[in-house]
Amino acid sequence: QVQLVESGGGLVQTGDSLRLSCAASEITFGAYSMGWFRQAPGKRREFVAAISRSGSSSYYLDSVKGRFTISRDNAKNTVSLQMNSLKPEDTAVYYCAASSRNGISKEESDYGYWGQGTQVTISS
């Protein structure tokens with residue numbers, strides 16, 4: 001059974017950094033592009049970042065470009081999201097997801113496996 005387990009969330013202040021990690025198991029990790037999504041209270045889940053199977057390509061939500069960096073380690077079956085210069089509007093539950101489609105996608109429907117989420121709260 002495929003499992004994606006996120007970690008690294010927490011409560012930090014505006015301007016601080018956090019690094020989220022997602023560990024995948026029971027999956028041929030290198031055959032999947034990986035994404036991070038987030039859902040704030042009362043809002044729909046939205047795409048944050050995605051990375052290709054090899055890690056050579058990535059794509060970001062405009063509002064996080066220059067602040068967030070997605071990376072992956074195919075030897076360790078992990079994908080990470082480094083988040084710098086955090087803002088209160090980044091507060092959300094963050095989910096990692098795996099997609100078997102070619103290329104990089106920002107569409108939720110392209111991701112077949114999801115983690116349970118980790119809470120990120122930014123205080124002002």
Side-chain angles (χ1 to χ4, degrees):
Q1 181 178 351
V2 175
Q3 277 197 318
L4 301 176
V5 180
E6 302 96 336
S7 60
L11 170 64
V12 297
Q13 295 184 332
T14 297
D16 284 351
S17 297
L18 276 176
R19 185 176 181 86
L20 305 183
S21 293
C22 173
S25 59
E26 304 300 326
I27 188 174
T28 306
F29 190 68
Y32 290 79
S33 60
M34 300 297 295
W36 286 95
F37 291 75
R38 68 187 181 187
Q39 187 168 21
K43 295 187 177 181
R44 298 185 66 175
R45 189 157 55 186
E46 67 175 351
F47 168 82
V48 175
I51 190 166
S52 62
R53 296 169 177 175
S54 67
S56 61
S57 300
S58 57
Y59 184 72
Y60 296 92
L61 177 69
D62 282 348
S63 62
V64 308
K65 284 181 183 176
R67 299 190 298 122
F68 291 12
T69 303
I70 188 171
S71 61
R72 65 188 295 161
D73 185 337
N74 285 354
K76 296 182 178 179
N77 286 10
T78 59
V79 59
S80 298
L81 186 67
Q82 177 67 41
M83 306 187 294
N84 299 329
S85 303
L86 284 162
K87 305 176 181 180
E89 51 263 43
D90 295 319
T91 294
V93 176
Y94 283 72
Y95 300 88
C96 75
S99 171
S100 61
R101 288 180 65 104
N102 284 328
I104 300 175
S105 175
K106 62 178 182 178
E107 301 299 329
E108 283 190 53
S109 58
D110 288 336
Y111 290 82
Y113 299 108
W114 292 82
Q116 83 288 348
T118 186
Q119 177 70 48
V120 171
T121 304
I122 315 304
S123 65
S124 57

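Basis for what follows: all heavy atoms, side chains included, without hydrogens, waters or symmetry-related copies.
The side-chain hydrogen bond (donor to acceptor under 3.5 Å, both in side chains) contacts involving residues 1-14 comprise Glu6-Gln116, where partners must be two or more places apart or lie in separate chains.
Separation of atoms CD1 (Ile122) and CG (Leu11) is listed at 7.5 Å; rounding is to 0.5 Å. Once rounded to the nearest 0.5 Å, the distance linking OG of Ser99 with CD1 of Ile51 reads 13.5 Å. The distance from atom OG of Ser56 to atom CD1 of Ile104, rounded to the nearest 0.5 Å, is 7.5 Å. Atom CD in Glu46 sits 11.0 Å away from atom NZ in Lys106 (nearest 0.5 Å). Taking OH from Tyr60 and CZ from Arg67, the interatomic distance works out to 12.0 Å, rounded to the nearest 0.5 Å. Atom CD1 of Ile70 sits about 13.0 Å away from atom OH of Tyr59, to the nearest 0.5 Å.
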Could you walk me through whether Thr69 and Leu81 pass side-chain contact (heavy atoms from CB on, under 4.5 Å), step by step? CA-CA 6 Å; Thr69 303; Leu81 186 67; over 6 Å; no
Applying side-chain contact (heavy atoms from CB on, under 4.5 Å), run through Phe68 and Leu86 and close with a yes or a no. CA-CA 9 Å; Phe68 291 12; Leu86 284 162; 3.8 Å; yes
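For Asp16, there are no side-chain hydrogen bond (donor to acceptor under 3.5 Å, both in side chains) partners at least two apart in sequence or on another chain. Scored by the ring-ring contact (aromatic ring centres under 6.0 Å, His included) test, Tyr111 finds Phe37 as partners (sequence neighbours excluded).
Trp36 places a side-chain heavy atom less than 4.5 Å from the side chain of Val79. Tyr32 is listed as a side-chain neighbour of Tyr113, based on a closest heavy-atom distance under 4.5 Å. Residues Arg101 and Glu107 form no side-chain contact, since every pair of their non-hydrogen atoms from C-beta on lies 4.5 Å or further apart. Looking at Thr78 and Ser21, their side chains never come closer than 4.5 Å, going by heavy atoms from C-beta outward. With contacts defined as side-chain heavy-atom distances shorter than 4.5 Å, the pair Glu108/Tyr95 does not qualify. Side-chain contact between Ser58 and Arg72 is absent, with no heavy atoms from C-beta onward closer than 4.5 Å.
Partner of Arg38 under the side chain to side chain contact (heavy atoms under 4.5 Å, CB included) criterion, out of Val64, Thr91, Leu20, Val120: Val64 alone. In summary, of the residues considered (Met83, Gln119, Gln39), a side chain to side chain contact (heavy atoms under 4.5 Å, CB included) with Tyr94 occurs for Met83 alone.
Taking a 6.0 Å sphere around CZ of Arg19, one finds it holds more than 12 heavy atoms contributed by other residues, nucleotides or ligands.
Under the 4.5 Å side-chain heavy-atom criterion for ILVMFWY residues, a single connected hydrophobic cluster contains both Leu18 and Val48.
For Asn102 and Arg53, the side-chain atoms include at least one donor-acceptor pair closer than 3.5 Å.
We find that Lys65 and Asp62 are joined by a salt bridge, their nearest charged nitrogen and carboxylate oxygen being less than 4.0 Å apart.
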